[in-house]
Amino acid sequence: KNFPQSLGRTKLIKSLYLLDCEWYKMYNRTFTGLNYKRDKNGPFDASLYQSLDLLELAGLIVQKPYPHLGGTGYEIIYTGKDDVEIEFDPLAENICRRIIDSLGNAELEEFLQVAYDTAPMKAIKARETEASKLFGEELPMDELIKNPKPLFTWDEVLRAMEDLDLTERGSDEEYNEVIFEEY
């Protein structure tokens with residue numbers, strides 16, 4: 001409803017996927033309940049079709065077909081029907097606003113690039129070869145909550161600490177004065 005452009009199915013599912021990625025980082029589950037699999041255009045869940053059909057039956061959207069090189073696409077048009085009250089989680093709404101702010105007028109390629117830059121898609125892509133794509137494989141959403149690999153080992157940190165010369169550092173008060181002056 002709030003996107004400045006009409007969305008096709010691919011842009012819509014990528015937007016939902018980005019919402020679900022952010023939600024998963026916080027709650028270890030997706031907001032939408034969708035179960036994403038690797039598709040030729042990145043993350044996808046076929047149950048989106050059924051959901052869109054239900055929204056169309058309710059009169060909230062129209063799916064307008066249009067031809068393109070790969071076959072038929074569908075533009076999803078919000079009908080403006082406002083008599084349906086939808087309670088939306090405020091945090092999810094905030095995440096959606098950020099997605100709209102960053103991709104509101106973006107072309108399809110930018111939607112795809114942002115989706116492909118997520119940890120689950122990177123994990124799938126890392127296991128693929130040019131000849132063997134993992135289409136249909138479930139995305140490893142847990143990649144979103146893994147701790148990042150540290151840049152240095154503990155031994156490297158300890159060695160670096162030994163090399164530090166703190167003799168000319170000064171007192172905490174002197175340090176705080178310098179910081180205060182810089183501010």
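- Panel note: side chain D45, backbone N35; a donor-acceptor pair is recorded below 3.5 Å.
- A distance of 4.0 Å separates CD1 in I124 from CD in E137, rounded to the nearest 0.5 Å.
- The structure places NE2 of H68 at 9.0 Å from CG of L108, a figure rounded to the nearest 0.5 Å.
- A donor-acceptor pair is defined here as one N or O able to donate and one able to accept, closer than 3.5 Å; no such pair exists between the side chain of K14 and the backbone of V114.
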Q) Could you go step by step and tell me if L144 and M141 meet the side-chain contact (heavy atoms from CB on, under 4.5 Å) rule? A) CA-CA 6 Å; L144 293 163; M141 298 299 280; 3.8 Å; yes

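- L48 is not connected to V62 by any chain of hydrophobic side-chain contacts under 4.5 Å among Ile, Leu, Val, Met, Phe, Trp and Tyr, and they are in different clusters.
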Q) Given the rule in the side-chain hydrogen bond (donor to acceptor under 3.5 Å, both in side chains) test, do Y78 and N2 qualify, once you have shown the distances and angles that lead to the verdict? A) CA-CA 9 Å; Y78 175 67; N2 293 322; over 6 Å; no

Q.
One pair to check against side-chain contact (heavy atoms from CB on, under 4.5 Å): K40 and F135. What are the steps and the verdict?
A. CA-CA 7 Å; K40 66 178 182 167; F135 296 138; 4.0 Å; yes

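- The two residues L103 and F3 make their nearest non-hydrogen contact at O-CE2, 3.8 Å.
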Output side-chain donor-acceptor pairs under 3.5 Å for residues 50-61, partner residues at least two apart or in another chain, one line each.
from	atom 1	to	atom 2	distance (Å)
S51	OG	S47	O	3.3
D53	OD1	Q63	NE2	3.1
E56	OE1	Q63	NE2	3.1
E56	OE2	Q63	N	3.0

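- At distances below 3.5 Å, at least one donor-acceptor pair connects side-chain atoms of D20 with backbone N or O atoms of T32.
- Atoms CG and CG, from L139 and D39 in turn, are 10.0 Å apart once rounded to the nearest 0.5 Å.
- The pair E128-R38 meets the salt-bridge criterion, with a side-chain N (NZ, NE, NH1 or NH2) lying under 4.0 Å from an Asp/Glu carboxylate O.
- The two residues C21 and T118 come nearest to each other via the heavy atoms SG-CG2, 4.1 Å.
- Both Y24 and Y27 are members of a single hydrophobic cluster when ILVMFWY side chains are connected at heavy-atom separations under 4.5 Å.
- For E75 and R9, the salt-bridge test fails: no basic side-chain N is under 4.0 Å from an acidic carboxylate O.
- Of the possible polar contacts, one joining the K11 side chain to the A106 backbone as a donor-acceptor pair under 3.5 Å is found.
- Here the closest heavy-atom approach between residue M121 and residue A115 is recorded as CG-O, 3.5 Å.
- Counting only residues at least two apart or on different chains, no salt bridge (charged side-chain N to carboxylate O under 4.0 Å, His left out) pair has a member in residues 100-116.
- Smallest separation of non-hydrogen atoms from K133 and T129: NZ-O, 3.7 Å.
- Taking the side chain as every heavy atom from C-beta outward, R29 and W23 approach each other to under 4.5 Å.
- Rounding to the nearest 0.5 angstrom, the gap separating the NZ atom in K64 from the OH atom in Y74 is 13.5 Å.
- When all heavy atoms of P4 and I100 are compared, the closest pair comes out as CD-CG2, 4.1 Å.
- C96 approaches L19 most closely through the heavy-atom pair SG-CD2, 4.0 Å.
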Q: Before giving the answer on side-chain contact (heavy atoms from CB on, under 4.5 Å), spell out for L18 and I95 the whole-Å C-alpha distance, their side-chain angles and the decisive distance to 0.1 Å.
A: CA-CA 9 Å; L18 295 173; I95 295 168; over 6 Å; no

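- Under the 4.5 Å side-chain criterion, counting only non-hydrogen atoms from C-beta, L91 is in contact with M26.
- The CD1 atom of I77 lies 11.0 Å from the CG atom of L7; values are rounded to the nearest 0.5 Å.
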Q: Evaluate ring pair (Phe, Tyr, Trp, His ring centres under 6.0 Å) for F44 paired with Y49, printing each intermediate quantity in order.
A: CA-CA 11 Å; F44 186 73; Y49 296 136; 5.4 Å; yes

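- Note that CG of L34 and CD1 of I13 are 5.0 Å apart. Values are rounded to the nearest 0.5 Å.
- The aromatic ring centres of F111 and Y17 sit 6.0 Å or more apart.
- A donor-acceptor pair is defined here as one N or O able to donate and one able to accept, closer than 3.5 Å; such a pair exists between the side chain of Y116 and the backbone of G42.
- Looking only at distances, a side-chain donor or acceptor of Q5 sits under 3.5 Å from a matching main-chain atom of G104.
- Within 6.0 Å of CZ on F88 lie more than 12 heavy atoms contributed by other residues, nucleotides or ligands.
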